[in-house]
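Note sheet for the following structure.
Basis for what follows: all heavy atoms, side chains included, without hydrogens, waters or symmetry-related copies. What you are looking at is a predicted structure, and each value in this text was computed from that prediction instead of being measured.
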Amino acid sequence: MDADTPARPHEQTVVPFRTAVRAWFLISLQTFGGPAGQIAVMQRTLVDEHRWIGQRRFLHAMNYCMLLPGPEAQQLATYVGWLLHGTRGGLVAGGLFVLPGVVALLVLSAVYVAFGTTTAVLAVFAGLAPAVLAIVAQAVQRVAKRALNSRALVAIAVAAFLALALFGVPFPVVVALAGVAGWALGRWRPAALPQKAAAAGDDGPPPVISDDVLHAEPPTARRTLRVLLVGLLVWGVPVAAVALLTGADSVFTQQGLFFSGAAVVTFGGAYAVLAYVAQQAVQVYGWLQPREMVRGLALAETTPGPLIMVVQFVAFLGAYRDPGALDPWSAAVLASLLVTWVTFVPSFLFVLLGAPYMERLRGNRLLSSALTGITAAVVGVIANLGVYFAVHTLFSGTLDVDRGPLHLELPDPTTLRPVPLAIALIAAVLLFRLRWSVLRTLGVCALLGLVAGLAGLPVG
């Protein structure tokens with residue numbers, strides 16, 4: 001019998017499941033500002049205030065979730081929930097983490113489809129989109145400050161940016177090559193990857209549940225196969241059902257398969273994968289326009305939950321415009337819920353499947369080196385996303401360059417849009433100089449867009 005098994009009844013008594021559910025719901029209402037803000041909310045609530053988990057174990061869980069594809073903050077919530085109350089705790093914590101965002105973005109997507117062509121609504125979105133440029137720039141700065149602490153890592157970031165921006169290399173290939181580069185550096189030139197300082201100790205009072213008696217399960221082959229089988233069925237059955245009922249070429253099947261695949265390559269968080277999603281959704285499938293992708297990200301920034309929730313907006317618009325035999329509104333709701341399902345179910349699967357192996361992963365130096373390489377590449381990926389958004393937000397026309405290995409899209413300088421440029425500069429000042437929050441900055445920029453639109457200025 002596992003040594004931690006006898007502690008399970010004690011854990012349930014110390015932190016009642018109902019109490020934990022209320023805490024997770026309150027956390028879910030505060031998850032604005034991207035993964036950094038979301039992790040900070042959990043740190044403050046779970047570690048600093050309630051003391052349900054110690055700082056060391058919290059950081060250990062966070063480092064594990066950074067290894068996984070998908071939204072790391074939601075996975076961290078799932079993992080801590082698993083530590084506190086086992087599988088049901090992980091499912092509730094991870095589910096509540098995304099539920100408010102799902103509801104909010106579903107409503108906002110419907111508002112956009114119903115009223116997005118009116119002057120007032122169009123002006124508000126026109127104000128939000130330039131603010132996203134400053135937000136992405138801030139994300140580049142923050143990730144670069146943390147990740148690029150050697151020349152080798154800077155080189156990986158630059159190479160990732162050039163591969164995406166100039167040569168059109170697929171995003172999964174960039175991630176894979178960055179991981180290989182990090183692994184190779186860790187094996188043959190470990191000095192090129194500076195070791196991070198050890199995590200600071202936990203100076204607060206002892207946690208309610210000791211680190212040594214949190215929930216644990218032995219990593220048996222039987223358990224692994226059971227979790228894998230159930231997870232794959234829960235993940236794949238809805239997609240298979242949609243394919244059988246609507247056909248292999250329907251928008252529902254296309255979205256289910258595409259976002260299922262995207263869910264397993266989303267290393268580096270939402271900003272990193274959005275360049276890949278935007279490229280496929282806009283240029284390959286034609287589900288929405290480039291500017292609409294920017295507006296969707298702006299909406300995701302204003303709602304709680306992971307920023308990758310923008311895929312719900314993409315699915316809503318794509319299905320509304322190509323509903324097949326269904327009513328457009330029914331098709332849009334169905335597609336948005338299906339895509340949300342296939343995006344987040346893998347996150348639960350990865351955490352619940354790999355949690356028992358966390359201690360083995362923790363000390364693997366070469367695995368940590370590969371992750372370091374991927375994190376460095378994420379800086380270049382996010383920078384490329386910023387360039388993509390800037391081209392389609394600040395200019396109304398673009399020029400395609402396709403010569404030999406070069407595949408890029410340049411802005412037409414004669415089509416510069418002065419109002420979005422001005423709003424983007426104001427957003428940059430608010431974020432970088434005045435250090436305003438993301439939500440507050442978006443509110444001001446939305447108001448500026450509304451004023452400009454009502455004044456008759458060209459904002460669309």
Q: Determine whether more than 12 heavy atoms belonging to other residues, nucleotides or ligands lie under 6.0 Å from atom OH of Tyr285.
A: yes

Q: Can you establish whether the number of heavy atoms outside Asp249 located under 6.0 Å from its atom CG is more than 12?
A: no

Just by distance, do the side chain of [X] and the backbone of [Y] share a donor-acceptor pair under 3.5 Å?
{"X": "Gln74", "Y": "Phe97", "result": "no"}
{"X": "Gln75", "Y": "Pro69", "result": "yes"}
{"X": "Thr343", "Y": "Val339", "result": "yes"}
{"X": "His85", "Y": "Val15", "result": "yes"}

For a quick test of reading the model, state the closest non-hydrogen atom pair linking [X] to [Y] and the distance between them.
{"X": "Pro420", "Y": "Arg417", "answer": "CD-O, 3.3 Å"}
{"X": "Leu29", "Y": "Pro100", "answer": "CD2-CG, 4.1 Å"}
{"X": "Met42", "Y": "Ile27", "answer": "CG-CG2, 4.0 Å"}
{"X": "Leu349", "Y": "Leu228", "answer": "CD1-CA, 4.2 Å"}

Q) Sequence neighbours excluded, which residues qualify as salt bridge (charged side-chain N to carboxylate O under 4.0 Å, His left out) partners of Arg223? A) Glu217

(Q) For Tyr112 and Phe313, I'd like to know if the aromatic rings sit close, meaning centre-to-centre distance below 6.0 Å. (A) yes

Q | Listed once per pair and sorted, the ring-ring contact (aromatic ring centres under 6.0 Å, His included) pairs that draw on residues 328-355, sequence neighbours left out | A | Tyr320-Trp329

Q: Check the angle between the aromatic planes of Trp82 and Tyr79 and answer parallel, tilted or perpendicular using the 30° and 60° thresholds.
A: tilted

Q | Test side-chain contact (heavy atoms from CB on, under 4.5 Å) applied to Ser396 and Thr415, Asp412, Thr414, the passing residue | A | Thr415

Q: Could you note down all residue pairs passing salt bridge (Lys or Arg N to Asp or Glu O under 4.0 Å) where residues 313-338 supplies at least one of them, sequence neighbours left out?
A: Glu292-Arg321

(Q) Check for me whether Arg88 meets the cation-pi criterion with Phe17, that is, NZ or CZ under 6.0 Å from the six-membered ring centre and within 45 degrees of the ring axis. (A) yes

